[in-house]
Amino acid sequence: MLKNYSRTMEFYLLGFPGSKELHNILFATFFFFYLVTVMGNILIIVIVCVDKRLQTPMYFFLGHLSVLEMLTTTVTVPLMLWGLLLPGMQAISLTACCVQLYLYLSLGTSEFILFAVMAVDRYMAICNPLRYTIIMNSHTCLWVVIVSWVFGFLFQIWPVYATFHLTFCKSNVLDHFYCDRGQLFKLSCDDSLFTEFILFLMAVFVLFGSLIPTIVSYTYIISTILKIPSGSGQWKAFSTCASHFTCVVIGYSSCLFLYVKPKQTQAAEYNRVASLMVLVVNPCLNPFIFTLRNDKFREVFRDAMKSCYRLLKA
């Protein structure tokens, strides 16, 4: 339970340093990235739901990944954009800060679990094609997705509770554009070393717990692909998982720098840059990676555009 005096606290987000002109440039840039992220992920979700050719486990998981990506950015980026338009610091209530951090961490955890699930799905499709449709049936896929969502939201209850159970007495100014946990620890006058260490172990558990199945799956996938005699056959097999592999590399490398560190309190500039990669850049790139590098999705998208053109012309 939060301490009584903490309930009435307000935090102030410093956001980005610089002039009003710089803030306008940043606003235009980040708004464009956010717009592309939302529109790209909505497009993926709609096409996956509508076209029967994409009613497979891989695209079912991709649809849920797009929902998670869109929600994760929406939890933080609109507040950041609003802060760039306002003069001075942006106020955020303790409750709003708590909710934002919880949603951000929960959605991110579910996303990493889903990354691992998608890697295992590709392993089953390439290494065990005869058993693939039996194992990865609609019932299994649905339950795997439900577990991914539920695990993410349950797993982050204690970390967020432990963070906001601290006594914030040093200041109420967060040197960030959202409620970053590292910056919250900086404001605490409690001895938080043990809590930070436990949170570090939990971050390691989530990231490496989902990364290990991914690495093992791709080890078997690459080994199986190399056994295919023809080059065209190898490329066809690898193209089904190239998009996911690219997103895994980008996503995990960014989050390892941001979260897997024993000391949660890190330089503000370092946290800002790493957070921008995770919250703005990566989500914007993922729709392009999953669509432009996927032959089947491109074919479906072209057919959808032709159908829309015919309807408009009629």
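Worth knowing before you read on, the calculation uses all heavy atoms, side chains too, and leaves out hydrogens, waters and symmetry mates.
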Could you give the distance from [atom1] ([X]) to [atom2] ([Y]), rounded to the nearest 0.5 Å?
X	Y	atom1	atom2	result
Thr167	Leu187	OG1	CG	12.0 Å
His23	Leu81	NE2	CG	12.5 Å
Leu279	Arg272	CG	CZ	13.5 Å
Thr72	Leu107	OG1	CG	4.5 Å
Arg122	Met58	CZ	CE	5.0 Å
Ile113	Thr109	CD1	OG1	7.0 Å

Determine which pairs satisfy side-chain hydrogen bond (donor to acceptor under 3.5 Å, both in side chains) with at least one residue from [range], sequence neighbours left out, and list them in order.
range	result
residues 41-50	Asn41-Ser66
residues 214-224	Tyr218-His244
residues 199-208	none

Check whether any side-chain heavy atom of [X] sits under 4.5 Å from a side-chain heavy atom of [Y], and report yes or no.
X	Y	result
Val278	Ser275	no
Leu184	Phe164	yes
Tyr252	Ser210	yes

Residue list, disulfide bond (SG atoms under 2.5 Å apart) with Cys49, at least two apart or on another chain: none

Residues which pass disulfide bond (SG atoms under 2.5 Å apart) with Cys179, listed by chain and number, not counting sequence neighbours: Cys97

Intermediate values then yes/no, ring-ring contact (aromatic ring centres under 6.0 Å, His included), Phe30 and Phe16: CA-CA 12 Å; Phe30 296 151; Phe16 296 89; 5.7 Å; yes

Connected via hydrophobic side-chain network under 4.5 Å: Phe151 and Trp143: no

same_hphob_cluster(Phe185, Phe194) at 4.5 Å side-chain heavy-atom cutoff: yes

Aromatic ring pairing Tyr178/His176, orientation class (parallel under 30°, perpendicular over 60°, tilted between): perpendicular

Aromatic ring pairing Phe27/Phe31, orientation class (parallel under 30°, perpendicular over 60°, tilted between): parallel

Mind checking what makes side-chain contact (heavy atoms from CB on, under 4.5 Å) contact with [X], not counting sequence neighbours?
X	value
Tyr102	Ser106, Phe153, Gln156, Ile157, Val160
Leu14	Met89, Val173, Asp175
Val249	Phe245
Pro129	none

Within the side chain of [X], is there an N or O that forms a donor-acceptor pair under 3.5 Å with the backbone of [Y]?
X	Y	result
Lys227	Ile222	no
Thr73	Glu69	yes
Ser243	Ile289	yes
Ser93	Ala96	yes
Ser110	Ser148	yes
Asn137	Thr140	yes
Gln100	Val75	yes

Test side-chain contact (heavy atoms from CB on, under 4.5 Å) applied to Leu62 and Ile45, step by step: CA-CA 8 Å; Leu62 176 58; Ile45 294 165; over 6 Å; no

With Tyr132 via ring pair (Phe, Tyr, Trp, His ring centres under 6.0 Å) - residues at least two apart: none

For Phe205, ring pair (Phe, Tyr, Trp, His ring centres under 6.0 Å) partners two or more places apart: Phe155

Counterpart residues, side chain to side chain donor-acceptor pair (under 3.5 Å), relative to Thr74 (two or more places apart): Tyr34

Residue pair [X] / [Y]: nearest heavy atoms and the distance that separates them:
X	Y	result
Lys20	Leu85	NZ-O, 3.1 Å
Asp121	Met136	OD1-CE, 3.7 Å
Gln90	Leu86	CG-CD1, 4.2 Å
Pro159	Met202	CG-CE, 3.5 Å

Exceeds 12 heavy-atom contacts within 6.0 angstrom, atom CH2 of Trp82: no

Stepwise side-chain contact (heavy atoms from CB on, under 4.5 Å) test for Thr37 and Met70: CA-CA 7 Å; Thr37 300; Met70 193 166 53; 5.7 Å; no

